[in-house]
Engineer: 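Below: one structure in structure tokens.
Predicted model only: the values in this text are computed from it and were never measured.
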Amino acid sequence: MKFEVTGKLTKQIDEMRYLTVENAWRYRSILRYFYIQYEKMNYWLYKEEVYEVLKENQEFKEYTMDMCKQDLDMLLSWKNLSAIQDAAKVSTVEEFKNKQFRYQLSEYSVEIERLTLRLENLFVESASLEPTLLERLREELKKLPQVAKQSEKEVGSWWSSLNSDFKRLNQNYQDYIRDLYSIKAEEMMKTQEFMVFKDKFIEYLRDFVKGLQNHANAIEYSLKNLSLADIDQVLKKAIAYEVSIPRIETEIDEAGISENIYGRWDSLNAWFLGAKGNESEATRLMDITNDIIRKITRYASQISESRNSAINRKEEYRKLAELFDQCQDIKEAHRLSSLSFGIFQMKHIKSDHFRETESINSQVFEEIPAITTLKPRVRGYQEKAQRTPIHSNSDRKEAMMKQIRRERQMEEKTIENYVVDDGIDFATLPVIERHVRTTLLKWLSKGLAGFEKKGKTEDGRVYQVELPKESDRRCLLRCEDGDLEMPAYVIRFLDN
């Protein structure tokens, strides 16, 4: 059935405001008194009666008549109460002007108070599994062919009784099963105290399962063999009876009543026969109950085993002590000890080492032992890294340093040969070696990029690159491995 959001569902229920507002304790007390009087069929009350009753309580010690009147007016605005002016006792004009009202509880408020009462006693009232309800349903359904021939009033009474039993059956088993599946029940089943009434509990559940098996099958048989004409006639008479009940200020919705009654009949069928290929609710309830019995039995068995194991172990130790006492010598005692306290769970370790013999009769003690490295099978295990010492390279560094210095000195001497008037003119250089060209071009690049075209050699001499006087003057730098055309720069060494 498709879920529909209707206007009734989205409508705000003003009648429930008194439960959550600031002065809820006053409003609830007033409506509870109205409800108690409603149960006694005393429907109309004066504000004086309400005030006098409330003043008898300590909580309403400072309560005044004006406050009572305000509270009643507020409840009147929320439609929890309806009021009517009482003009029967009016004898003067002043009394007529000071309107005296009588108040009555609205239908919504009656149902809300019933709900709050049920919520207040939710943990006091206990649900149960009653096979008698199934028996009554079975007997009532048997009467359906005869009921179909009776008057609308009798059919209405029969239908009401049938629905009441079915509703109680649904609510009771759902609440009871919910309690058994609660965490509190689970914890309790694991305790030693539960063993005291475990048998009684299982017997109760088994009785219900037996009743369910007997009556559910009979009801299923009855439902399958009922005449559709009889069912339709009964349901139509039940609808007609509901419609015929006079109601004040309520428009009778025949379509809604019809839908409700047919829906309940379908639910009854689905409970015992199943619907849309699904198993029936009776079958599910039987499975659930059997599952609870198994669970209780399992817990009880675990508790018994834990208790018995301690007792048996004590007897085992005593018997073992007697066996040790009966040993002839220490060797026999050692053998008994190896059997009693040795390795109870042998570890079988295999390896692929080479065997010197193929004999199947060769024992492990006769063969050459093989070494197998076992690694822990844990997630965070890592093999230890091998430590490698840091070798000192100071001698090599010193030798390399000397070699570099020697090469630099040779380069400096070579380059000194090309210095003329504290400068090196690229246009007048002869054919030079590769390392000289590399050094000169490095100095040239550093000087062109430096501030004021200045640079410093590796040995600390400061120089400045002089650009050619003619911007287009170029020269040819000749080297052993080739020539390079470039501007005619001059590197001029400055005094420090």
Side-chain angles (χ1 to χ4, degrees), residues 347 349-357 367-496:
K347 302 293 183 184
I349 302 173
K350 295 181 180 179
S351 66
D352 54 354
H353 73 285
F354 178 75
R355 291 184 64 196
E356 293 184 343
T357 176
E367 298 192 13
I368 299 173
I371 298 174
T372 302
T373 304
L374 300 179
K375 297 179 180 177
R377 300 179 66 178
V378 295
R379 183 175 296 177
Y381 172 74
Q382 289 182 349
E383 292 188 5
K384 292 182 179 178
Q386 293 183 352
R387 294 180 179 179
T388 54
I390 301 174
H391 299 286
S392 175
N393 296 318
S394 56
D395 295 339
R396 291 175 57 194
K397 290 179 181 177
E398 186 66 24
M400 187 172 291
M401 182 63 73
K402 289 180 179 177
Q403 182 181 352
I404 292 172
R405 285 175 181 169
R406 190 164 50 249
E407 290 176 357
R408 289 283 170 84
Q409 289 174 358
M410 291 177 65
E411 288 176 3
E412 288 175 3
K413 287 181 180 177
T414 305
I415 292 174
E416 281 295 331
N417 296 330
Y418 302 113
V419 177
V420 179
D421 295 335
D422 294 332
I424 300 175
D425 189 354
F426 283 85
T428 59
L429 286 175
V431 179
I432 59 176
E433 296 86 351
R434 290 175 56 189
H435 67 273
V436 175
R437 182 194 62 188
T438 303
T439 303
L440 292 178
L441 291 179
K442 185 169 66 177
W443 289 355
L444 182 63
S445 174
K446 191 187 296 184
L448 291 172
F451 179 69
E452 294 182 351
K453 310 293 184 192
K454 290 182 178 179
K456 187 181 287 186
T457 63
E458 286 76 6
D459 59 351
R461 298 177 65 188
V462 179
Y463 62 89
Q464 186 175 25
V465 178
E466 294 179 357
L467 301 180
K469 295 180 180 177
E470 296 84 11
S471 59
D472 56 348
R473 184 187 174 206
R474 302 183 70 81
C475 64
L476 192 64
L477 180 63
R478 291 172 295 172
C479 190
E480 293 173 341
D481 55 349
D483 298 338
L484 172 66
E485 184 180 353
M486 57 180 289
Y489 292 116
V490 175
I491 294 176
R492 184 74 63 193
F493 294 97
L494 306 176
D495 296 333
N496 293 327

Engineer: Any side-chain to backbone donor/acceptor pair from Ser445 onto Leu441? Under 3.5 Å, distance only.
Structural biologist: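 Checking the backbone N and O of Leu441 against the side chain of Ser445, no donor-acceptor pair under 3.5 Å is found.
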
Engineer: Heavy-atom distance under 4.5 Å between the side chains of Leu444 and Phe426, does that happen here?
Structural biologist: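 Result yes, sub-4.5 Å side-chain heavy-atom pair found.
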
Engineer: Check Glu416 with Arg461, please: is the shortest side-chain N to carboxylate O separation under 4.0 Å?
Structural biologist: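 Glu416 and Arg461: salt-bridged.
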
Engineer: Do Ile424 and Ile415 have side chains that get closer than 4.5 Å, going by heavy atoms?
Structural biologist: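 Answer yes - side chains close enough.
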
Engineer: Contact between Leu477 and Ile432 at the side-chain level, heavy atoms closer than 4.5 Å - yes or no?
Structural biologist: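 In short, these two side chains touch, coming nearer than 4.5 Å.
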
Engineer: Measuring from atom CG of Asn417 to atom CD of Glu412, what distance do you get when rounded to the nearest 0.5 angstrom?
Structural biologist: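 Nearest 0.5 Å value for the CG-CD distance: 12.0 Å.
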
Engineer: Looking at NE2 of His391 and CG of Asn393, how far apart are the two atoms once the value is rounded to the nearest 0.5 Å?
Structural biologist: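 One finds 8.5 Å between NE2 of His391 and CG of Asn393.
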
Engineer: Roughly how far, to the nearest 0.5 Å, is CD of Glu458 from CD of Glu411?
Structural biologist: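 With rounding to 0.5 Å, CD (Glu411) is 8.0 Å from CD (Glu458).
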
Engineer: Strictly by salt bridge (Lys or Arg N to Asp or Glu O under 4.0 Å), give each pair with a member in residues 466-485 just once, sequence neighbours left out.
Structural biologist: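 For residues 466-485: Arg434-Asp481, Arg437-Asp481, Glu466-Arg492, Arg474-Glu485.
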
Engineer: Should Leu494 and Tyr463 count as side-chain neighbours, where that means a heavy-atom distance under 4.5 Å?
Structural biologist: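 No, every pair of side-chain atoms sits at 4.5 Å or beyond.
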
Engineer: Using atom types as modelled and distance alone, determine if a side-chain donor or acceptor of Asp421 lies under 3.5 Å from a backbone N or O of Gly423.
Structural biologist: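 Flag not set: sc Asp421 to bb Gly423 has no pair under 3.5 Å.
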
Engineer: In Å and rounded to the nearest 0.5 Å, what is the CD to OG1 distance from Glu433 to Thr439?
Structural biologist: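 Output value for this atom pair is 10.5 Å.
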
Engineer: Heavy-atom distance under 4.5 Å between the side chains of Val465 and Trp443, does that happen here?
Structural biologist: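 No, their side chains stay 4.5 Å or more apart.
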
Engineer: Is there a side-chain contact between Met400 and Ile404 (heavy atoms, below 4.5 Å)?
Structural biologist: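 Result yes, sub-4.5 Å side-chain heavy-atom pair found.
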
Engineer: Would you say that Val419 contacts Ile491 through its side chain, given a criterion of any heavy-atom pair below 4.5 Å between the two side chains?
Structural biologist: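 No, every pair of side-chain atoms sits at 4.5 Å or beyond.
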
Engineer: State, with a plain yes or no, whether a side-chain heavy atom of Cys475 is found less than 4.5 Å away from one of Tyr489.
Structural biologist: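 Side chain of Cys475 against side chain of Tyr489, heavy atoms only: no contact under 4.5 Å found.
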
Engineer: Could you please spell out the steps behind the side chain to side chain contact (heavy atoms under 4.5 Å, CB included) verdict for Val436 and Leu429?
Structural biologist: CA-CA 11 Å; Val436 175; Leu429 286 175; over 6 Å; no

